Amino acid sequence: MSEGIKDKVAIIGMGCTKFGERWDKSEEDLIIEAYTEALDDAGIEPRDIDAAWFGSCFDEINVGKSSLPLATTLKLGFKPVTRVENFCATGTEAFRGACYAVASGACDIAIAVGAEKLKDTGFGGLPEFSSVLGTKNRFIFPNITAPGAFAMLATAYFEKYGLSYEEGKSILAKVSVKSHKNGLLNKKAHLRKEITVDDVLKAPIIASPLGLFDCSGVSDGAAVAIITRADIAKEYTKNPIFVKALQISVSDGAEYMHNKWDGTTIPTTVNAAKRAYVEAGIKNPRSEIDLMELHDCFSITELVTYEDLGISERGRAGEDVESGFFDLDGKIPSQTDGGLKCFGHPIAASGLRMIYEVYKQLQGKAGKRQVKNAHVGLTHNIGGFPAMSITSVAIFGND
Amino acid sequence: MSGIVAIDCHIPFYRISKKAIFDAWGWFDSSKVGSAKGELAFANYDEDSLTMGVNAALSCLGRLNSKSIDRLYFATATSPYVEPKNTAIMSAALDLNEDVVSVDMGGLISSSSALIAANDAVESGLSKMTLVCSADKRNAKPADGLEYLFGHAAFAMVVGENDTIADIEHVFSYSGGFLGYRRTQEDEYPKSWEERWIRDEGYLNHIVKSVNKTVEKMGVSLSDFSKVIYACPDKRTYSAIAKKLRISSEQLEDPLLDKIGYTGNPHTFVMLENALRKAKPNDKIMLVNFSSGVDIVTFDVTERIDKNRLPDIDKLLDTKQIIDNYTKFANLCGKIEQEKGPRGEVAKSAVSVLWRERKTILGLYGSKCKKCGTKVYPPQHVCINPSCGAIDEMEDYRFAEDTGKLFTYTVDNLAFEHNPPAMYGIVDFDNGGRYWFDITDCSPEELRVGMPVKMSFRKKFYDKPRGLYGYFWKAVPIR
Ligand SMILES: [Zn+2]
């Protein structure tokens with residue numbers, strides 16, 4: 001494996017909007033809200049920025065294509081701006097572009113911006129998928145939605161591990177209950193309400209076996225990261241957060257076109273994690289990682305991810321959930337900010353929102369949610385469906 | 001000599017109880033209380049005459065090689081496409097040869113015309129095997145008495161020279177010019193006339209006269225026939241005809257009016273399939289088709305008659321879901337349109353993509369790696385098998401006839417679905433290969449991991465602004 005970017009770049013400032021149904025805010029409003037917070041945090045001026053990476057996913061209901069919307073919003077003076085899109089992993093993809101630019105020496109300071117206005121579609125849930133994967137797939141793809149695609153993961157998981165519908169639902173419920181508890185402590189979260197296992201079990205079914213509280217919400221939001229070279233990071237802030245690993249893995253379609261996949265794991269997570277651990281020098285993730293922000297678009301995704309990341313044994317993530325291993329006071333607190341579950345999922349903003357939480361935690365600035373002695377944090381961001389996915393795993397450290 | 005080599009039919013999964021129609025419309029026309037018994041078979045929203053015809057033909061072709069078919073005659077009074085030819089799409093879905101002679105036939109009744117034409121082609125030696133296919137999805141206007149009568153179905157038959165189970169003996173046609181049911185290009189629904197006109201002057205007199213004339217021409221007695229098959233709009237006329245022609249109850253075949261309704265073009269052929277199941281070698285069967293004129297075809301059952309070569313109609317009739325909800329029936333039939341909301345909007349489809357990818361989309365062709373044998377849908381350039389990865393070493397492989405098992409699935413309440421809930425899953429084909437499909441003609445309670453499924457040709461969407469039907473394949477349970 002190549003040398004990687006471990007300890008070559010550091011985050012020196014971040015900003016994140018409040019996520020929610022922000023009917024009165026445009027995407028430009030949201031970008032500026034996150035951007036000004038990040039500039040203040042890093043203590044830099046716009047003129048210090050060498051280049052920007054802009055992530056946005058559903059351009060048809062968003063600001064449109066290309067880098068122009070970000071460039072005209074921020075007015076960086078004809079500097080390079082790049083737009084990236086990689087489904088729900090778009091936010092981390094923008095971050096990756098900025099990191100690689102700094103690591104290569106092409107820039108000293110780069111910013112990554114992710115923003116999405118989902119509440120302008122006129123309906124709940126994400127836009128229809130049939131044509132986002134091309135004009136041919138429109139003729140041959142099933143009538144798939146995000147909850148339905150991930151629900152199939154739950155169907156296969158329950159089947160493989162012999163869980164009855166009720167047993168499976170009850171494990172998943174605890175995943176959501178934990179995240180809501182954390183979200184309650186976070187002013188920037190969209191949904192701030194404690195829920196019970198019973199609430200989850202009684203909620204209407206969206207795509208069986210997933211009910212309303214197994215699904216993340218749909219919201220508007222934006223987040224921004226400012227990155228610089230690790231060796232000069234301390235000139236800007238006394239507590240920069242270092243990138244230890246940044247990997248992505250993209251499915252080649254084998255999951256839904258070849259009979260090998262058993263439907264209870266997301267292979268891109270396994271691949272990206274394996275490479276990220278090597279890059280970061282992590283031998284035993286269960287004992288070396290202090291907190292995680294996972295792509296909990298659905299409760300089942302989070303459950304399966306615990307196993308795919310090698311934290312829990314296959315088929316036994318439920319036991320860790322039951323024992324409180326991932327709770328705020330547990331061994332590896334996860335979704336400490338409330339996760340997608342409480343923030344909702346403005347596609348391109350989510351990956352950067354996860355990094356924002358890990359950044360704040362590792363700086364010791366997470367307030368009531370602060371995880372004690374946090375040194376190593378992991379973010380995990382999935383795009384697509386379990387059967388054809390794009391996953392990024394990033395690892396951060398404060399020393 | 002030409003005759004029936006194979007025959008099968010497609011009966012839609014749904015039935016409307018006629019009582020539900022009366023419950024909806026009895027307040028308006030209480031005189032129909034006597035009609036409110038039994039059921040009508042009706043097509044799901046994702047079916048039309050073309051798809052039902054394809055599914056009947058798929059069952060009919062069974063073990064026959066579809067490439068041995070040299071002609072395709074499709075008869076319907078309810079063509080989905082006026083332009084282009086429906087048979088062009090059907091040929092692709094059925095994987096027929098590109099040089100097959102394909103003919104669309106219209107009107108009621110054109111199914112027997114198709115059979116007569118097929119007989120001509122085979123008898124004359126121009127055709128070795130002609131596939132005759134017929135389907136109708138006729139809808140009656142809400143509250144019309146015909147609403148208690150019309151059902152939907154399809155049949156398919158291979159007419160050929162060798163290996164016949166019943167030979168075509170005589171063909172007669174009497175073009176009467178009778179004006180019974182009528183529907184113009186501008187009409188959504190058929191128009192009728194006084195019931196007695198259609199019943200007495202139409203069915204009764206026309207059928208009786210032409211049957212008598214046929215028997216006279218053939219120089220035989222009607223009692224020489226083991227079955228005389230004809231269809232009528234009501235049971236009383238059906239019995240009146242039998243009485244006038246002195247047809248015994250043993251010679252009659254169930255007219256199916258209370259089981260599937262009157263299904264138009266395919267109707268007498270569905271009855272014929274039922275008759276063939278009970279037939280013995282050397283039996284004679286007469287098939288009488290009436291609409292504006294009369295077609296009569298007589299068959300001699302051969303010694304190759306075998307139940308295993310015939311569909312189990314009783315099982316097909318029993319495989320059903322009864323709907324007691326008139327609104328749902330009227331909607332799925334297309335008589336009432338629901339507001340679909342923004343999620344129900346159909347994205348723009350590219351006609352040229354459909355044409356370029358017709359083999360993949362309509363023919364359900366994937367590819368099979370020549371190096372390692374791995375099958376994949378849709379077709380790929382690079383082998384999906386991680387331990388192979390061969391580039392451009394593929395041959396065509398068609399999945400349409402393969403059965404499979406549901407590997408995982410969901411019941412999705414968020415997706416816009418015309419007939420909710422949306423159901424879809426990943427299918428592992430029994431001969432290798434995997435792909436995800438919508439699931440149709442299925443109740444959510446039936447779904448389980450490992451459920452056996454087969455492929456059914458369906459109308460996935462209708463892109464109205466661009467005048468395009470999105471035909472594709474869905475998974476249906478094997479029951
Ligand atoms: Zn191969």
Side-chain angles (χ1 to χ4, degrees), chain A residues 60 121-132 134-160 204-212 215 218 252-264 267 300 385-388, chain B residues 341-350 352-354 356-357 360-362 364 366 374-378 380 382 384-386 407-417 421-426 428-429 432-439 444 447-450 460-461 470-475:
Chain A
E60 60 274 35
T121 52
F123 47 78
L126 295 176
E128 201 239 357
F129 283 116
S130 66
S131 13
V132 300
T135 44
K136 173 171 137 194
N137 283 335
R138 156 158 174 59
F139 289 101
I140 63 174
F141 257 43
N143 192 4
I144 211 160
T145 64
F150 284 87
M152 291 196 281
L153 192 64
T155 303
Y157 190 92
F158 291 4
E159 177 76 17
K160 177 163 178 182
I205 294 296
I206 303 297
S208 71
L210 304 179
L212 184 66
C215 304
V218 168
D252 64 5
E255 299 95 317
Y256 76 103
M257 292 193 288
H258 193 37
N259 304 54
K260 294 263 157 56
W261 180 54
D262 76 354
T264 68
I300 182 67
F385 309 124
M388 48 182 327
Chain B
R343 259 197 193 280
E345 284 168 18
V346 173
K348 185 176 177 178
S349 30
S352 50
V353 172
L354 175 57
R356 185 167 62 244
E357 306 285 348
T360 303
I361 298 166
L362 301 175
L364 202 65
T374 299
K375 291 163 189 160
V376 65
Y377 184 86
Q380 304 290 316
V382 181
I384 193 80
N385 177 359
F407 158 69
T408 184
Y409 64 88
T410 186
V411 179
D412 187 334
N413 295 314
L414 177 66
F416 171 78
E417 164 63 35
M423 291 170 277
Y424 47 85
I426 300 179
D428 272 345
F429 285 101
R434 165 186 281 186
Y435 191 66
W436 46 16
F437 291 95
D438 289 316
I439 303 165
L447 293 168
R448 60 186 170 80
V449 170
K460 191 166 152 55
F461 60 85
Y471 290 114
F472 187 55
W473 300 81
K474 294 187 182 179

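Just so we're clear, the structure is a prediction, and the values are computed from it rather than from any experiment. So you know, we letter chains A, B, ... as the sequences are listed, proteins then strands, and number each from 1.
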Could you measure the distance from the [atom1] atom of [X] to the [atom2] atom of [Y]? Nearest 0.5 Å is fine.
X: B:I384; Y: A:Y256; atom1: CD1; atom2: OH; result: 7.5 Å
X: A:L210; Y: B:N413; atom1: CG; atom2: CG; result: 11.0 Å
X: A:T145; Y: B:F416; atom1: OG1; atom2: CZ; result: 14.0 Å
X: A:I140; Y: B:W473; atom1: CD1; atom2: CH2; result: 14.0 Å
X: B:L354; Y: A:T135; atom1: CG; atom2: OG1; result: 11.0 Å
X: B:F461; Y: A:R138; atom1: CZ; atom2: CZ; result: 4.0 Å

**Request:** Of all the heavy-atom pairs spanning A:K136 and B:T360, show the shortest one and how long it is.
**Result:**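 Nearest heavy atoms, A:K136 then B:T360: CE-CG2, 4.4 Å.
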
**Asked** Under the 3.5 angstrom rule, does the side chain of A:S208 hit a backbone N or O of B:T410 as a donor-acceptor pair?
**Response**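 Here the side-chain-to-backbone pair does not exist.
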
**Asked** A:T155 side chain to B:Y409 main-chain N or O, any donor-acceptor pair under 3.5 Å?
**Response**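 Side chain of A:T155 to backbone of B:Y409: a pair is present.
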
4.5 Å side-chain heavy-atom contact, [X] and [Y]:
X: B:T408; Y: A:E159; answer: no
X: A:H258; Y: B:V376; answer: no
X: B:D412; Y: A:N143; answer: no
X: A:M257; Y: B:P378; answer: yes

**Asked** Measuring heavy-atom distances to chain B, does A:A149 have an atom under 4.5 Å in its side chain, in its backbone, in both, or in neither?
**Response**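 Backbone of A:A149 only, per the 4.5 Å heavy-atom cut-off to chain B.
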
**Top contributor to chain A interface from B:A350, B:G341, B:G470 [non-hydrogen pairs under 4.5 Å]** =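 Going by pairs under 4.5 Å, I would pick B:A350.
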
**Request:** Considering only heavy atoms and a distance below 4.5 Å, find which of B:F437, B:Y424, B:F472, B:Y471 pairs most often with chain A.
**Result:**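 Of the options given, most contacts go to B:Y424.
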
Can you say whether [X] sits under 4.5 Å from chain A via the side chain, the backbone, both, or neither, judging by heavy atoms?
X: B:A422; value: side chain
X: B:P421; value: neither
X: B:I439; value: neither
X: B:Q380; value: side chain
X: B:K348; value: backbone
X: B:T374; value: side chain

**Message:** For A:F141 and B:W436, take the angle between the two ring planes, folded into 0 to 90°, and tell me which bin it lands in: parallel under 30, tilted 30 to 60, perpendicular over 60.
**Reply:**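 Perpendicular.
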
